[in-house]
Amino acid sequence: MSAPPTDLTYRNPVLDADWSDPDVIRVGDDFYLTASSFGRAPGLPLLHSRDLVNWTLVGHALQRLEPEGEFGVPRHDCGVWAPSLRHHDDRFWIFWGDPDQGIFQVNAPEIRGPWTRPHLVKAGKGLIDPCPLWDEETGEAYLVHAWARSRSGVKNRLTGHRMHPHGTELLDEGKVIVDADRIPGWFTLEGPKLYRHDGWFWILAPAGGVETGWQGAFRSRDFFGPYEEKVVLEQRDTDVNGPHQGGWVRTPSGEDWFLHFQQRGAYGRVVHLQPMRWARTGDASRTGGGRSGGGVGGGWPVIGDDGAPVAEHRRPDLPAQPAAAPATDDDFPGGRHGRQWQWTANPRDGWSTQHSADGLRLTCVRTADAHDLRRLPSILTQRLPGTPCTVEVELRLDSSEPGARAGLAVLGDAYAWIGLQRGTDGTAHLVHRFAETVAESERDAGHPRLVPEGRVGLRIEAGAGARCRFSYDTGDGFRPSGQTFAATPWRWVGALLGLAALAPTGQGHAGTATFTRFRISPA
């Protein structure tokens, strides 16, 4: 949770969970942020703030990923990569790259929608991290993007295009405008954000890899270059590794700020807020690093504490706001889940049931992959908080189907879960299972225990380093189960908390599981 509004300072990260590859804009007195959502649905989360410190989740711009069939199963490292959010011509615009399909765009008259269906602006393999720019002075429109070597065989360069002002198509084949192979010491240049400032075209783009890299700035008088570069943010002697990839925003009073991510293992990519200013000609402050190659003269952005990330800083000059953060708790009123939840693939009808009371009623979906939660599209997930916490939920297994099961999980390349399973004789048992990264099926993490009522309280205590202790309550208090489990990330995604209900293959409806009172509290 952010610091109370009476404080004069804030502490980083301002979003302490996996809001990967953030981009930010201001419209009037409001700030909006979006982030990568990869293969989860709904995608393209939309966050709102009035002070750049306290953020709430107000919706999603992408209800389903396309093509529908390809995202009917989990594809955790595919889908929506590094979106860019812009406001132009009284509309909100989001561009993103799908590394397997190309560059997409959606737009809406209001941040809460309605958003258009995805429009493919440019098809191609490995086209990622696009960012548009509408030049208000000339009426021209441009787009820059990076490359994924895994799909295209190309990386470490940025390609620029002229774009139709309607944002529907590109008007040329593109030109490499920054080739970082030609910049000594630079590698993995990606995530560009394109701006116009003080007569220059600016590209703010990270390099060096997500865990160890730095934030670069590039400028040119002409969109197609040539560009000169400078390192404007790097770790130095702080504990903020790889501080980069984000967006610049200016407040109504003229202050400049930069939001970026830090890779934190199982917690994913948490978001930091850095002060920013523009150096003047002759400013002797140290705005670059040892990798800076060009850029005589002034006008370069200075981010953080003279190019190093800050842990604490004076708050932006904006009206004080109540402390806020994206929601985590949920009573599931009427069987509906809150905005913080995402499915691990495009949802299908019948996975959950609305009703008149509180509680999430999930169908025990029949599947041939009941031995491996990582393969299931019907798991409802939310982000694992970046600080120690306790996660609790109450579960009732309303199914008599042998093998039907439901529970609370920590999901990543390895996973663990605790919950209930029906035996062949119809009895319910408390089960606790896990699967290692390389394992193709799960194993018992604790001894099964009979639960005659088919009800249980479930708890995960996530401590330092995302080390998780599981426990259960069958009516006489919580008792520990199994060994400590160290949560792991997916390839590009932090670990996820998940609610699962499933059953073996067979005929007919396999019953339901009801989850109530989902809570996350500080440890």
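Scope of the values below: all heavy atoms of this structure, side chains included, with no hydrogens, waters or symmetry mates. Heads up: numbering here begins at 1 and tracks the sequence.
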Does one side chain, of His260 or Gln215, offer a donor that lies under 3.5 Å from an acceptor on the other? no
Is the closest side-chain donor-acceptor distance between Trp214 and Gln235 under 3.5 Å? no
Any chance you could measure Arg149, atom CZ, to Lys155, atom NZ, to the nearest 0.5 Å? 5.0 Å
Arg519 with Asp331: basic N within carboxylate O range, under 4.0 Å: yes
Parallel, tilted or perpendicular: which fits the ring planes of Phe485 and Phe470, with parallel below 30° and perpendicular above 60°? perpendicular
Residue His355 excluded, over 12 heavy atoms near NE2 under 6.0 Å: yes
On the six-membered ring of Trp19, is Arg383 placed so that its NZ or CZ lies under 6.0 angstrom from the centre and within 45° of the ring axis? yes
Is the closest basic N to carboxylate O distance between Arg236 and Asp305 below 4.0 Å? no
Lys NZ or Arg CZ of Arg75 over Phe71 ring: under 6.0 Å, within 45°: yes
Strictly below 4.0 Å, N to O, side chains only: are Arg479 and Asp476 in salt-bridge contact? yes
Tell me, please, whether Tyr10 has Arg315 positioned over its six-membered ring: NZ or CZ under 6.0 Å from the ring centre and within 45 degrees of its axis? no
Using distance alone, with no hydrogens and no angle criterion, decide if Thr9 and Asp7 have a side-chain donor and acceptor under 3.5 Å apart. no
Is the closest side-chain heavy-atom distance between Gln340 and Asp330 below 4.5 Å? yes
Could you tell me whether Trp257 and His313 have their ring centroids closer than 6.0 angstrom? yes
Picking from Ser36, Ser84, Ser37, Pro118, what satisfies side-chain contact (heavy atoms from CB on, under 4.5 Å) with Trp96? Pro118
